[in-house]
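To start, I am sharing the structure in question, which I have written as structure tokens.
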Amino acid sequence: MRVRKRKGVEDYLKAHEDIVLQEVPESWEVVFGNAQPIEIEVGCGKGDFILGMARKHPDVNFIGIDLQETVISWALDKVLAADVPNVRLLFVNGKDLGDYFPEHSVSRLYLNFSDPWPKKRHAKRRLTSSSFLHIYEELLVPFGEIAFKTDNQGLFEWSLAEMSEFGLILEQVWLNCHADPAFAKENVETEYERKFSAKGQAIYRVLAHFPKREGVRDEVSEMSI
Ligand code: SAH
């Protein structure tokens with residue numbers, strides 16, 4: 001959803017460029033002051049998830065990414081109020097993430113309640129489309145994982161098919177992840193998740209990882225013998 005521009009947002013973000021990076025960083029290790037693993041959320045919205053994860057996992061560095069400046073500024077409000085050292089924000093389109101991260105440097109990628117773009121002609125904009133999966137595969141460490149939550153059944157089904165076709169291994173699929181006590185215990189809720197589950201809607205989730213590419217080819221050639 002597009003939001004109305006917040007007044008003075010550019011100056012606000014610039015004043016906090018230690019949190020919302022304004023340029024491509026030389027190294028994330030320098031930004032965070034340590035070499036902890038990096039996990040990112042593409043389409044972080046107002047930041048509850050990325051901040052909650054950073055609080056819960058102080059031994060991991062988290063980066064929230066969103067293409068709307070005003071939305072990032074709302075996440076910044078929360079990060080400043082929380083004073084958590086292991087979280088940063090990026091105001092950038094997910095399709096340009098290759099400029100911001102060295103290849104195979106991200107440990108895990110989260111997508112939460114991504115825009116469904118229901119029209120077929122907009123399918124490429126969905127954050128689970130193959131054009132984005134190519135980008136994520138470059139960013140993620142070998143066998144790197146994607147965790148995707150949504151309330152939208154249509155987007156979920158389409159995303160499972162898109163991921164499978166791409167060669168991702170679906171480790172676990174939940175049709176109602178809140179009903180799984182093990183997951184519910186570790187879950188960090190997003191703003192959308194809170195809203196939708198309050199209305200009684202089921203939350204779908206998939207945890208998938210990229211394959212070792214040579215391995216996939218080996219399996220295929222073995223099968224054809
Ligand atoms: N994850 C949050 C917000 C979900 S709304 C939550 O669960 O509450 C989806 C968000 O994705 C919006 O804020 C939108 O601006 C952002 N978004 C959509 N396409 C994007 C893209 N290509 N790159 C980065 N962010 C994107």
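Scope of the values below: all heavy atoms of this structure, side chains included, with no hydrogens, waters or symmetry mates. Atoms within a ligand are numbered from 1 in the order they appear, just like the ligands themselves.
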Atom 19 (N) of ligand 1: nearest protein contact (heavy atom, Å) = L67 CD2, 3.9 Å

request  = Answer yes when E189 and K149 have at least one side-chain N-carboxylate O distance shorter than 4.0 Å, and no when they do not.
outcome  = no

ask   = Any donor and acceptor pair, going by atom type alone, linking the side chain of E29 with main-chain N or O of A35 inside 3.5 Å?
value = no

request  = For F113, counting its heavy atoms only, list the atoms of ligand 1 lying under 4.0 Å from any of them.
outcome  = 4 (C), 5 (S), 7 (O), 9 (C)

request  = Ignoring hydrogens and angles, state whether a donor on the side chain of D180 or W174 is under 3.5 Å from an acceptor on the partner side chain.
outcome  = yes

Side-chain donor-acceptor pair present, E41, N112, cut-off under 3.5 Å = yes

query = Given that the side chain starts at C-beta and the backbone is N, CA, C, O, which of these parts of K95 lies under 4.0 Å from ligand 1, counting heavy atoms, or is it both or neither?
reply = neither

key: Minimum-distance protein heavy atom relative to atom 7 (O) of ligand 1   = T190 OG1, 2.7 Å

query = Are side-chain N/O atoms of D59 and Q36 paired as donor and acceptor at under 3.5 Å?
reply = no

note = Within 4.0 Å of some non-hydrogen atom of E41, the atoms of ligand 1 are 1 (N)

task = Considering only NZ, NE, NH1 and NH2 on the basic side and carboxylate oxygens on the acidic side, decide whether K199 and D151 come within less than 4.0 Å.
result = no

ask   = What are the two closest heavy atoms between A54 and F62, and how far apart are they?
value = CA-CD1, 3.5 Å

Atoms of ligand 1 close to E191 [distance to a heavy atom under 4.0 angstrom, numbered from 1] = 8 (O)

note = heavy-atom search around atom 18 (C) of ligand 1 in the protein gives D115 OD2, 3.1 Å

message = Taking 4.0 angstrom as the limit and counting only heavy atoms of Q68, give me the atoms of ligand 1 inside it, by number and element.
response = 14 (C), 15 (O)

key: Numbering as shown, the atoms of ligand 1 that approach G94 to under 4.0 Å (heavy-atom distance)   = 21 (C), 22 (N), 23 (N), 24 (C)

Option with minimal heavy-atom separation from atom 22 (N) of ligand 1, where the choices are V42, N93, N112 = N93

note = Atoms of ligand 1 under 4.0 Å from any heavy atom of C44, numbered from 1 in the order shown, are 1 (N), 2 (C)

query = At a non-hydrogen distance cut-off of under 4.0 Å, which region of L127 contacts ligand 1 (side chain, backbone, both, or neither)?
reply = side chain

Nearest neighbour in protein (non-hydrogen) for atom 1 (N) of ligand 1 = G43 O, 2.8 Å

query = Got more than 12 heavy atoms from elsewhere within 6.0 Å of CD, E23?
reply = no

note = The closest protein heavy-atom partner of atom 15 (O) of ligand 1 is D66 OD1, 2.6 Å

task = Step through the shown structure and confirm whether more than 12 heavy atoms of other residues, nucleotides or ligands are within 6.0 Å of NZ on K56.
result = yes

task = Give the numbers and elements of all ligand 1 atoms closer than 4.0 Å to a heavy atom of V92.
result = 24 (C)

query = Nearest 0.5 Å, what's the CG-CD distance between L97 and E138?
reply = 12.0 Å

